[in-house]
**Q** 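Here's a structure for you.
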2 protein chains.
Amino acid sequence: MGATKVENFTNKHNAIALMAKALGHPARVAIIDYLLKVNSCICGDIVNELPLAQPTVSQHLKELKNAGLIKGSIEGNSICYCIDEKAIARLQTYFDNISIKLENKKQLLLIIK
Amino acid sequence: MGATKVENFTNKHNAIALMAKALGHPARVAIIDYLLKVNSCICGDIVNELPLAQPTVSQHLKELKNAGLIKGSIEGNSICYCIDEKAIARLQTYFDNISIKLENKKQLLLIIK
DNA sequence: ATTCTTTATCGTAATATTGCAATATAATAA
DNA sequence: TTATTATATTGCAATATTACGATAAAGAAT
């Protein structure tokens, strides 16, 4: 017990959960925010920006990368990180669809009444 | 150590992380999906729908409620749960803004080149 | 009043996450 | 070659999460 029963849920639900989980920590939201501001940067820049030690930032970057939210490219002896638009687009579509469905339901209820 | 240093991050980042974290488990994504389909339901319906025991479902509902993603209203001896549109709208806006900013950056780069 | 139904809470075990010091790795600079 | 720089990994302690059986709480039905 204790571990999530991933195999009991759909791929879609697991995929959304994986991305959402990656954004489930303020440091990682802050990293995304920073990357959005500077377009791309190296790990050290984020270490200077956040109140966390280098290994901790490296770990958060690893999780964001693992969830597909960012991608890194080797640039000399450092690694250049940037947001992966595809993951953001997927999350955007997910929440857009929920909003649309909720709005449709609301309109239907108004018509019925 | 071990606990998230919530006090070191902005309210905005903490707020997004709180909602994202709530969706960071496939069971909770599945609950939102189900609520979207049936509009509103009671805990027992979700217990029948998911491969999880009643206390586990109750706990997941508590977390979704705590993050503001769902709301419950007492209905006789059961509790009627539904999606809280405000939280969804906030997340939708968050991802829309990221997408817009990424798109703007892309356009700018095209102009410069 | 007693039973049934529905949900929440408690207690607990298993596992995951967070954070960092120390260290490893790998490319660059001297 | 030997620093130096930039990241990643390891190891570990503190804490959080996940899951569920047992049980409590509270309204509904008999």
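A, B, ... follow the sequence lines: proteins, then strands. Residue 1 opens every chain.
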**Q** Starting at the 5' end of DNA chain D and moving along, which residue's nearest nucleotide shows up first, Gln59(A) or Phe9(A)?
**A** Gln59(A)
**Q** Report yes if a side-chain nitrogen or oxygen of Ser78(A) is closer than 4.0 Å to either non-bridging phosphate oxygen (OP1 or OP2) of dA6(D); otherwise report no.
**A** no
**Q** Is any side-chain nitrogen or oxygen of His60(A) closer than 4.0 Å to OP1 or OP2 of dG19(C)?
**A** yes
**Q** Considering just the side-chain nitrogens and oxygens of Thr56(A), establish if one lies under 4.0 Å of OP1 or OP2 belonging to dT18(C).
**A** no
**Q** Main chain of Lys62(B), side chain of Asn66(B): is a donor-acceptor contact present, judged purely on distance under 3.5 Å?
**A** no
**Q** Could you state the atom-to-atom distance from CD1 of Ile42(A) to P of dT7(D) in whole Å?
**A** 4 Å
**Q** Of all the nucleotides listed (dT15(D), dA6(D), dG19(C)), which has the minimum atom distance to the side chain of Asn77(A)?
**A** dA6(D)
**Q** Does the Lys105(A) side chain pair with the main chain of Leu36(B), one donor and one acceptor, at a distance under 3.5 Å?
**A** yes
**Q** Using heavy atoms to find the nearest nucleotide of DNA chain C for Glu63(A) and Gly76(A) separately, return the residue whose nucleotide is more 5′.
**A** Glu63(A)
**Q** Angle class for the His60(A)/His25(A) ring planes (parallel below 30°, perpendicular above 60°, tilted otherwise)?
**A** tilted
**Q** Starting at NZ of Lys71(A) and ending at P of dT7(D), how long is that distance when rounded to a whole Å?
**A** 19 Å
**Q** Check every atom of dT7(C), dT15(D), dA21(C) against the side chain of Ser58(B) and return the nucleotide holding the closest atom.
**A** dT7(C)
**Q** Does the plane of the ring in Phe95(B) sit parallel, tilted or perpendicular to the ring in Phe95(A)? Use 30° and 60° as the thresholds.
**A** parallel
**Q** Has Tyr81(A) got a side-chain N or O lying under 4.0 Å from the OP1 or OP2 atom of dA8(D)?
**A** yes
**Q** Is it true that Asp33(A) and Lys12(B) have a side-chain N and a carboxylate O under 4.0 angstrom from each other?
**A** yes
**Q** In whole Å, I'd like the distance from the CD1 atom of Ile79(B) to the P atom of dT5(C).
**A** 18 Å
**Q** How close or far is atom P of dT17(D) from atom CG of Leu23(B), stated in whole angstroms?
**A** 15 Å
**Q** Hey, is the side chain of Gln54(B) pairing donor to acceptor with the base of dA8(C) inside 3.5 Å?
**A** yes
**Q** Heavy-atom nearest nucleotide on DNA chain C for Leu52(A) versus Ile74(A): which residue maps closer to 5'?
**A** Leu52(A)
**Q** For Glu7(A) and dT15(C), give me the distance from atom CD to atom P, rounded to whole Å.
**A** 13 Å
**Q** Using modelled atom types and a 3.5 Å cut-off, is there a donor and acceptor pairing between side-chain atoms of Ser58(B) and backbone atoms of Gln54(B)?
**A** no
**Q** Below 4.0 angstrom from OP1 or OP2 of dT9(D), is there any side-chain N or O of Lys62(A)?
**A** yes
**Q** Expressed as a whole number of angstroms, how long is the span from Asp45(A):CG to dA6(D):P?
**A** 9 Å
**Q** If you compare every side-chain N and O of His25(B) against the phosphate oxygens of dA19(D) (OP1, OP2), does one of them come in below 4.0 Å?
**A** yes
**Q** Please pick, from dA8(D), dA19(D), dT7(C), the nucleotide with the shortest atom-to-atom distance to any side-chain atom of Thr4(A).
**A** dA19(D)
**Q** In whole Å, what is the span from the CD atom of Glu75(A) to the C1' atom of dA8(D)?
**A** 18 Å
**Q** Base, sugar-phosphate or nothing for Leu61(B)? Non-hydrogen atoms, less than 4.0 Å.
**A** nothing
**Q** Are Lys21(B) and dA16(D) close enough that a side-chain N or O sits under 4.0 Å from OP1 or OP2?
**A** no
**Q** Nearest-Å distance, CD1 (Ile46(B)) to C1' (dA19(D))?
**A** 17 Å
**Q** Which nucleotide, dT7(D), dA16(C), dC20(D), lies nearest any side-chain atom of Cys43(A)?
**A** dT7(D)
